[in-house]
Amino acid sequence: MEDVVATYYFRPQGSHAPEEIAQAIADEETTGTWTDVTTRTAYVRQLDGEVESLEASGNGYIAKIRYPNEIFEPGNIPQYLSVIAGNLFGLGSLEAVRLLDCEFPESLTPVHGPKFGIEGIRHLLGTRERPHIGTIIKPKVGLTPEDTAAVAYQAAIGGVDLIKDDETLTDQEFCPVRERLPRVMERLEEAKSETGHEVLYAVNITTGADRIVELAEEMIELGANMLMVDVLTAGFSALQALAGDANIRVPIHVHRTMHAAMTRNQEHGIAMRPIARLVRMLGGDQLHTGAVSGKMHHTTEEVQDLCTLLRGPLYGLKPTFPVSSGGLHPGKVSAELSALGRDVVLQAGGGIHGHPDGTAAGVMAMRQAVDAYMAGIPAEEYARDHYELERALNKWGAR
Ligand code: CAP
Ligand code: MG
């Protein structure tokens with residue numbers, strides 16, 4: 001059976017030789033420890049990790065480590081992570097180490113993947129190829145269920161495809177989810193009777209592992225047409241349980257809050273790439289990838305690479321819809337689409353609700369910016385006869 005190959009960047013501590021360090025990672029994550037032990041018998045050594053390649057890179061080195069297939073329990077993602085992203089990060093002989101990627105063979109790839117994926121979501125909304133527009137209810141927290149629903153209604157009549165809770169809004173006293181959800185769905189139905197458009201509302205069900213599936217099923221009973229989960233704070237197992245549940249037949253929007261604690265430092269931590277790979281394997285229908293022109297720290301290449309990973313071939317799994325988000329507004333649409341292509345969700349919170357003429361106008365301005373891009377017309381030129389876009393560009397600029 002094919003093995004698992006993990007790629008690490010590392011910088012040795014002091015005078016440790018890179019070969020020694022790479023082997024120390026391989027040993028620590030398979031059959032070794034800091035010293036030799038008499039109990040590491042010949043048959044156990046068949047499970048040794050192996051340094052497949054090692055080369056100098058920047059201030060450090062890049063090593064590919066091959067982990068035998070047999071040390072992974074098929075489908076047990078927490079255990080996978082305990083191997084590929086476990087004790088190695090604490091080794092004193094390392095000054096810094098970053099997990100850059102990890103490729104799992106098909107035998108270790110949980111079968112489900114996204115239930116809907118890009119085509120499935122496009123089918124739900126009746127869109128063929130244009131980018132989707134998403135918004136996040138803002139302010140992040142504090143609105144009552146009624147006011148949340150009113151904001152959702154405004155976004156829906158403006159032409160949005162997706163509305164989501166923000167990553168910190170769940171089931172607080174000021175906005176109980178069992179009151180918020182039905183009110184939002186009611187207002188979306190009202191908007192649909194006026195526009196004819198379906199709108200997805202990703203209700204944030206991030207909660208403890210002991211209740212998340214039950215809560216998800218209850219939300220679907222209450223009319224939810226999409227779920228949202230903060231995958232790093234809830235845990236990969238939460239996503240695996242939701243996506244693997246046959247009773248959950250709505251798309252899952254995956255937020256990645258807390259990722260920057262691991263992904264931001266280019267020398268130490270876990271790159272977004274292995275996280276994105278796991279989210280797609282585990283069934284995330286949409287995943288935040290960052291924005292090439294937004295407020296968060298990203299490089300264009302990094303975001304493009306994530307989109308390629310999420311949309312490209314992976315053991316026949318459906319593609320995950322990349323979500324470009326974080327500081328976006330209509331003036332940034334062209335930069336995002338030029339870099340990421342059309343199979344992307346452009347998601348804006350402040351860039352929609354901060355429009356001078358309100359939420360609906362903000363969505364219209366985003367849609368007009370997308371239409372301009374699709375027609376090959378510069379946004380500033382298109383704005384001359386598209387009022388909402390003109391007002392947005394006047395406020396935030398055209399890039
Ligand atoms: C964006 C957002 C998203 C970020 C997350 C926020 O709001 O709702 O959580 O996009 O970052 O709370 O900042 P704005 P990332 O549109 O108002 O910036 O997508 O990089 O995970
Ligand atoms: Mg947010």
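Atoms within each ligand, like the ligands themselves, are counted from 1 in listed order. The figures that follow rest on heavy atoms only: side chains count, while hydrogens, waters and symmetry mates do not.
Of the protein's non-hydrogen atoms, the one nearest atom 4 (C) of ligand 1 is S325 OG, 3.8 Å. The closest protein non-hydrogen atom to atom 13 (O) of ligand 1 is K295 NZ, 2.7 Å. Protein heavy atom nearest atom 11 (O) of ligand 1, with residue, atom name and distance: M296 CE, 3.4 Å. Ranking the protein heavy atoms by distance from atom 19 (O) of ligand 1 puts H288 ND1, 2.8 Å first. Nearest to atom 16 (O) of ligand 1 among the protein's heavy atoms is G349 N, 2.7 Å.
Shown are the protein N/O/S atoms under 2.8 Å from the Mg ion (ligand 2), given by residue and atom: D166 OD1, E167 OE1.
Checked by atom type and distance alone, the side chain of E29 never pairs as donor or acceptor with a backbone atom of D27 at under 3.5 Å. Checking side-chain atoms of T127 against main-chain N and O of H123 turns up no donor-acceptor pair under 3.5 Å. Under a 3.5 Å cut-off, the side chain of N204 and the backbone N or O of L169 do form a donor-acceptor pair. Using modelled atom types, one side-chain atom of Q240 and one backbone atom of G75 make a donor-acceptor pair closer than 3.5 Å.
For the pair W34/L91, no side-chain contact is recorded, criterion being any heavy-atom separation below 4.5 Å from C-beta on.
Within ligand 1, counting atoms from 1 as listed, the ones closer than 4.0 Å to a heavy atom of K138 are 2 (C), 6 (C), 7 (O), 8 (O), 12 (O), 17 (O). Every atom of ligand 1 with a heavy atom of A348 under 4.0 Å away is listed here by number and element: 16 (O). Per-residue contacts place H298 under 4.0 angstrom from the following atoms of ligand 1 (heavy atoms of the residue considered): 20 (O). Near E167, meaning under 4.0 Å from one of its heavy atoms, ligand 1 places the atoms 9 (O), 12 (O). Interface of G327 with ligand 1, defined as ligand atoms under 4.0 Å from a residue heavy atom, comprises 14 (P), 16 (O), 18 (O). Listed by number with element, the atoms of ligand 1 under 4.0 angstrom from any heavy atom of G350 are 14 (P), 16 (O), 17 (O).
With values rounded to the nearest 0.5 angstrom, R45 atom CZ is found 10.5 Å from L47 atom CG.
Tracing side-chain contacts under 4.5 Å through hydrophobic residues (I, L, V, M, F, W, Y), one reaches L314 starting from I77; they form part of the same cluster.
Contacts between D166 and ligand 1 below 4.0 angstrom, taking non-hydrogen atoms only, involve the side chain exclusively.
Under 4.0 Å is where a charged nitrogen must lie from a carboxylate oxygen, and between R130 and D161 at least one such pair does. Under 4.0 Å is where a charged nitrogen must lie from a carboxylate oxygen, and between E380 and R399 at least one such pair does.
With sequence neighbours excluded, the residues satisfying side chain to side chain contact (heavy atoms under 4.5 Å, CB included) with M226 are I121, L162, L200, A202, P251, H253, Q286.
In summary, the side chains of E336 and S324 do present a donor paired with an acceptor at a separation below 3.5 Å, with no hydrogens or angles considered.
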